[in-house]
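Right, one structure below, let's go through it.
Keep in mind it's a predicted model, so treat the numbers as computed, not measured.
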Amino acid sequence: MSTASQVCFGLLMKHRGEDVNMRSVWLCSRNDVIGNTGVIISGALVIWLDSYWPDLIVASLVAVVFLHTAYEVLRDAGRSWRNEPHTHVGRCGD
């Protein structure tokens, strides 16, 4: 697991609830840590078990986590967009 990912994850931990953007950045950092850890675990299991199944299983679990995160970010962004006042942005000729 990359030390940089861990450091970013730790630094963002206290800011994850500030707004939708910080939560998104925190979730992406969390996914980096999960993905890196998954690669290490699946690699060790593939070598230990001499099978490709651990790689497929771990990759599938990581994919589910990433898809769930994408859903969360889109849901939070939609809520944020609906709750913020919108100003009319004029176009040329308005």
Worked check of side-chain contact (heavy atoms from CB on, under 4.5 Å) between Tyr71 and Leu74: CA-CA 5 Å; Tyr71 168 77; Leu74 289 171; 5.9 Å; no
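In terms of hydrophobic clustering, with Ile, Leu, Val, Met, Phe, Trp and Tyr side chains grouped at heavy-atom distances under 4.5 Å, Val46 and Val39 are assigned to different clusters. Neither Ile47 nor Ile41 shares a network with the other; the hydrophobic side chains, linked directly or stepwise wherever heavy atoms of I, L, V, M, F, W or Y lie under 4.5 Å apart, form separate groups for each.
Atom SG of Cys28 is separated from atom CZ of Arg23 by 11.0 Å, given to the nearest 0.5 angstrom. Taking CG of Asp76 as the start and CD of Glu72 as the end, the distance is 6.5 Å to the nearest 0.5 Å. For the atom pair OG (Ser42) and CG (Leu61), the distance works out to 10.5 Å, reported to the nearest 0.5 Å.
By the 4.5 Å side-chain criterion applied to Ile, Leu, Val, Met, Phe, Trp and Tyr, Val65 is assigned to a cluster that also includes Ile34, Val58, Val62, Phe66.
Scanning all heavy atoms of the two residues, the minimum distance from Leu45 to Pro54 falls at CB-CB, 3.5 Å.
Taking 4.5 Å as the limit, some side-chain heavy atom of Val33 sits within range of a side-chain heavy atom of Thr37.
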